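A short write-up of the structure that comes next.
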Amino acid sequence: MENRPDSAESYDLFVIGGGINGCGIARDAAGRGLSVALAEMNDLASATSSASTKLFHGGLRYLEYFEVRLVRESLIERETLMRAMPHISWPMRFVLPFHKDMRFESSTPTSKILNTVMPWMKGRRPSWLIRLGLFMYDNLGGRKILPGTKTLDLKNAPEGRPLDDRFRHAFEYSDCWVQDSRLVVLNARDAELRGAEIMPRTKVTVAERDGDGWRIEVEDRETGAARSIRAKVLVNAGGPWAGDIIRTKIRSNSTETVRLVRGSHIVCRKLYDHDKCYFFQGTDGRIIFAIPYEQDFTLIGTTDSEQEDPDKRPECTPEERDYLLNFASNYFKRDLTPEDVVWTYSGVRPLYDDGASSATAATRDYTLKIDDAGGAPVLNIFGGKITTYRRLAESAMEKIAPFFDDLKGKWTAGVTLPGGDFEVREARDKMKTLAADYPFLGDKQAERMIRHYGTESWHILGDATEAGDLGRDFGHGLTEAEVRWQMDREYARAADDVVFRRTRLGLRMTPDEIAALDAWMQDARREGRATAAS
Ligand SMILES: Cc1cc2nc3c(=O)[nH]c(=O)nc-3n(C[C@H](O)[C@H](O)[C@H](O)COP(=O)(O)OP(=O)(O)OC[C@H]3O[C@@H](n4cnc5c(N)ncnc54)[C@H](O)[C@@H]3O)c2cc1C
């Protein structure tokens, strides 16, 4: 990269931020024929979009807050998304244990109504109300693939075995899992395949209105090289930094901002043997999930804590860890202790600041604001969920359409992401076929490959007939062939990109194994640069 402030390249659209919203917008815009560039200051999905609970869900909890629009849109969207990416997303069943004496926080809109019309319940939830909520959840939005709600007798069902004996009944309903970082990377790749320029590790330092467009200064975080780019429309998809971008990069007078709410997760060694999740309700109005994770683990989260500074790396505090352990221990037969925890992670929700009193109550819906008061337009993105990223991108296109002649219409519903060109119900067959085509892989590794790369697994494994044909083995099934694929096609530059985002093998690898991978990647990059230069 060179410094060329006077010969700026020009794009229709420049996107700041390589999280799910930025990459989703870049893909949608590129597919509509716009010239697009996207800058991400670190790795793609390095911030909130790799730290979610990883659910495509309607958000059962939001019904308590009457966020019906958000829930309905998300419910419809779950199946649209799963069809477009049946490799990295799949159906999951959620078990919601219920006990008649459970009490709940009194300040949600639902609690307030209940306290007025049924004061004798004193904060308890009648089971018919939960069933009603699940009836709405089943029927609000176009459910075709996912099975509906049923009741479970926990005394006899295997799902009751890990739970405390006082839980005798549960409801079981559907939502979906998604590999969040891979979702981001695949959107970026698809955007690039449609002509977008994706610039990871590139920070936007200044964005200024210049004539009828924008002049954007970017800095390569690895080399320090600066570059100047012009664009007609700017999109601020900076997530937790959206407010900071408005104030310090664009230097606008707008007072709109994001409310930063940290959420932490703990990962324990597998706590139970079946493949369903638990939905646990607490007396503080919060809920947590316990989810089967990466074949051998259980993921528990999340928390809601205010965070002031987007630049402060979010971390799971000991208080948050203990809160999650205690919360889950109220439900499981055995008490969980800090020794059960093998890993934690934390992310910051960039919520639209709607003035809500508590972090839990702040809206999870998204808000898009065009600011063209100073001339050229910038679209600021606030809030949003992984589940709504595709719809958010469509709304973003609607907002910017007036600034382009004849912008093409919606196209992303029903168009698969790379590797996702098969039916949801065919995933198991794909795993079996891959294991048969490459017998040296074994079933677990075949499942991991399909769940990460789908039909592109065959491209990665090529004509290998034995494990040695895939090059160096970095441990736990991670081979040179897979790492090269991620470096060549998925923008991976360092070991953390590979083992904590594009895969989660970092859960199993030792620090020495990760360091050896990193050293190998840096050598490979140097060799690649030397070959390109000669
Ligand atoms: C704990 C937790 C659990 C969640 N669980 C779920 C869930 O289960 N399901 C669901 O649907 N949603 C969930 N969410 C919400 C979802 O994760 C977020 O809404 C979503 O990831 C936000 O994406 P984003 O692209 O807006 O932000 P981010 O992913 O944070 O991306 C913004 C990017 O902008 C970059 N950036 C900032 N400034 C600059 C600059 N100057 N130059 C270049 N780049 C810049 C940052 O580096 C960052 O990568 C959860 C969120 C949290 C925190």
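As the structure is a prediction and not an experimental result, all values here were calculated from the model. As the structure lists them, so they are numbered: ligands from 1, and atoms in each ligand from 1.
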Location of contacts on Ile245 toward ligand 1, heavy atoms closer than 4.0 Å = side chain
query = Under 3.5 Å, N or O to N or O, is Val204 touching ligand 1 that way?
reply = yes
inquiry  = Show me which atoms of ligand 1 lie under 4.0 Å from any heavy atom of Gly263.
reply    = 1 (C)
ask   = Using heavy atoms and a threshold below 4.0 Å, how should the contact between Ile16 and ligand 1 be classified: side chain, backbone, both, or neither?
value = side chain
Among Arg489, Arg390, Arg27, salt bridge (charged side-chain N to carboxylate O under 4.0 Å, His left out) partner for Asp190 = Arg27
remark   = Note: ligand 1 atoms sitting under 4.0 Å from heavy atoms of Pro240 are 30 (O)
query = Is it true that Lys276 and Glu159 make a salt bridge, defined as a side-chain N closer than 4.0 Å to a carboxylate O?
reply = yes
message = Among all protein heavy atoms in this structure, tell me which lies nearest to atom 13 (C) of ligand 1, with the distance rounded to 0.1 Å.
response = Lys385 NZ, 3.6 Å
ask   = To which protein heavy atom is atom 26 (O) of ligand 1 closest, and what is the distance rounded to 0.1 Å?
value = Asn21 ND2, 2.9 Å
request  = Go through the steps for Phe332 and Tyr278 under the test ring-ring contact (aromatic ring centres under 6.0 Å, His included), then give the verdict.
outcome  = CA-CA 10 Å; Phe332 284 122; Tyr278 289 104; 5.8 Å; yes
request  = Take Arg230 and Asp210 through the salt bridge (Lys or Arg N to Asp or Glu O under 4.0 Å) test and state the conclusion after the steps.
outcome  = CA-CA 9 Å; Arg230 285 187 55 82; Asp210 182 14; 2.8 Å; yes
ask   = Side chain or backbone of Ala51 under 4.0 Å from ligand 1, or both, or neither, by non-hydrogen atoms?
value = backbone
request  = List the closest protein heavy-atom neighbour of atom 52 (C) of ligand 1: residue, atom name, distance to the nearest 0.1 Å.
outcome  = Arg349 CG, 3.6 Å
key: Residue, atom name and distance, where the atom is the protein heavy atom closest to atom 31 (O) of ligand 1   = Gly19 CA, 3.4 Å
Stepwise side chain to side chain donor-acceptor pair (under 3.5 Å) test for Ser346 and Ser264 = CA-CA 4 Å; Ser346 201; Ser264 295; 2.8 Å; yes
query = Considering only heavy atoms of Thr202, which atoms of ligand 1 have at least one such atom less than 4.0 Å away?
reply = 43 (C)
task = Check the pair Glu256 / Lys369 against salt bridge (Lys or Arg N to Asp or Glu O under 4.0 Å), numbers first and verdict last.
result = CA-CA 9 Å; Glu256 307 265 19; Lys369 296 264 170 129; 3.0 Å; yes
query = Would Asp372 and Arg209 count as a salt bridge (Lys or Arg N to Asp or Glu O under 4.0 Å) if you check the C-alpha gap in whole Å, the side-chain angles of each, and the deciding distance to 0.1 Å?
reply = CA-CA 10 Å; Asp372 59 355; Arg209 287 189 168 99; over 6 Å; no
Options Ile291, Asp304, Val348, Ile386, ranked by nearest heavy atom to atom 12 (N) of ligand 1, top entry = Ile386
query = Looking at Gly239, which atoms of ligand 1 are within less than 4.0 Å of one of its heavy atoms?
reply = 26 (O), 27 (O), 32 (C)
task = Run the ring-centre check on Tyr293 versus Trp343 and record whether the distance is less than 6.0 Å.
result = no
request  = Considering only non-hydrogen protein atoms, determine which one is nearest to atom 7 (C) of ligand 1 and report residue, atom name and distance to 0.1 Å.
outcome  = Leu55 O, 3.6 Å
task = Measure Thr302 to ligand 1 on non-hydrogen atoms and call it side chain, backbone, both or neither using the 4.0 Å cut-off.
result = side chain
note = The protein heavy atom nearest to atom 34 (O) of ligand 1 is Gly17 CA, 3.2 Å
ask   = Do the charged groups of Glu219 and Lys203 touch, with an N to O distance under 4.0 Å?
value = no
ask   = Of the backbone atoms (N, CA, C, O) and the side-chain heavy atoms from C-beta on, which set of Ser52 has a member under 4.0 Å from an atom of ligand 1: side chain, backbone, both, or neither?
value = both
query = Of Arg349, Arg262, Glu320, which is the lone residue that meets side chain to side chain contact (heavy atoms under 4.5 Å, CB included) with Asp304?
reply = Arg349
message = Any nitrogen or oxygen of Lys249, side chain or backbone, less than 3.5 Å from one on ligand 1?
response = no
key: Parallel, tilted or perpendicular: ring planes of Tyr352 versus Phe382, cut at 30 and 60 degrees   = tilted
request  = Look at ligand 1 and say whether His265 reaches it with a heavy atom at a distance under 4.0 Å.
outcome  = yes
message = With heavy-atom distances below 4.0 Å as the criterion, list the atoms of ligand 1 near Gly347.
response = 53 (C)
inquiry  = So, using ring-ring contact (aromatic ring centres under 6.0 Å, His included) as the criterion, who are the partners of Tyr366 when residues are at least two apart?
reply    = none
task = Record the part of Ala242 in heavy-atom contact with ligand 1 below 4.0 Å; permitted values are side chain, backbone, both and neither.
result = neither
key: Closest protein heavy atom (residue, atom, distance) for atom 5 (N) of ligand 1   = Thr53 N, 3.0 Å
inquiry  = At less than 4.0 angstrom from any non-hydrogen atom of Ala39, what atoms of ligand 1 do you find?
reply    = 43 (C), 44 (N)
ask   = Can you tell me if Arg502 uses its side chain to pair, donor with acceptor, with the backbone of Asp497 under 3.5 Å?
value = yes
query = atom 21 (O) of ligand 1: which protein heavy atom is closest, and how many Å away?
reply = Ser49 OG, 2.9 Å
task = Could you tell me which non-hydrogen atom of Ser89 sits nearest to which non-hydrogen atom of Arg451, and how far apart they are?
result = O-NH1, 4.2 Å
request  = Return yes or no for this condition: an N or O of Thr387 is under 3.5 Å from an N or O of ligand 1.
outcome  = yes
message = Heavy-atom distances under 4.0 Å decide this one: backbone, side chain, both or neither, for His57 against ligand 1?
response = side chain
request  = Heavy-atom contacts with Gly384 under 4.0 Å: which atoms of ligand 1 show up? List them by number with element.
outcome  = 18 (C), 19 (O)
request  = Show which atoms of ligand 1 fall inside a sub-4.0 Å distance from at least one heavy-atom site of Lys54.
outcome  = 8 (O)
query = Nearest heavy atom to atom 49 (O) of ligand 1: which of Glu219, Met41, Glu40 does it belong to?
reply = Glu40
inquiry  = Below the 3.5 angstrom mark, is there an N/O of Thr48, backbone or side chain, next to an N/O of ligand 1?
reply    = yes
query = Heavy-atom count around Arg313 CZ within 6.0 Å, excluding the residue itself: above 12?
reply = no
task = Would you give the length of the straight line joining atom CD of Glu197 to atom OG of Ser35, rounded to the nearest 0.5 angstrom?
result = 10.5 Å
With sequence neighbours excluded, residues passing ring-ring contact (aromatic ring centres under 6.0 Å, His included) with Phe94 = Tyr173, Phe289
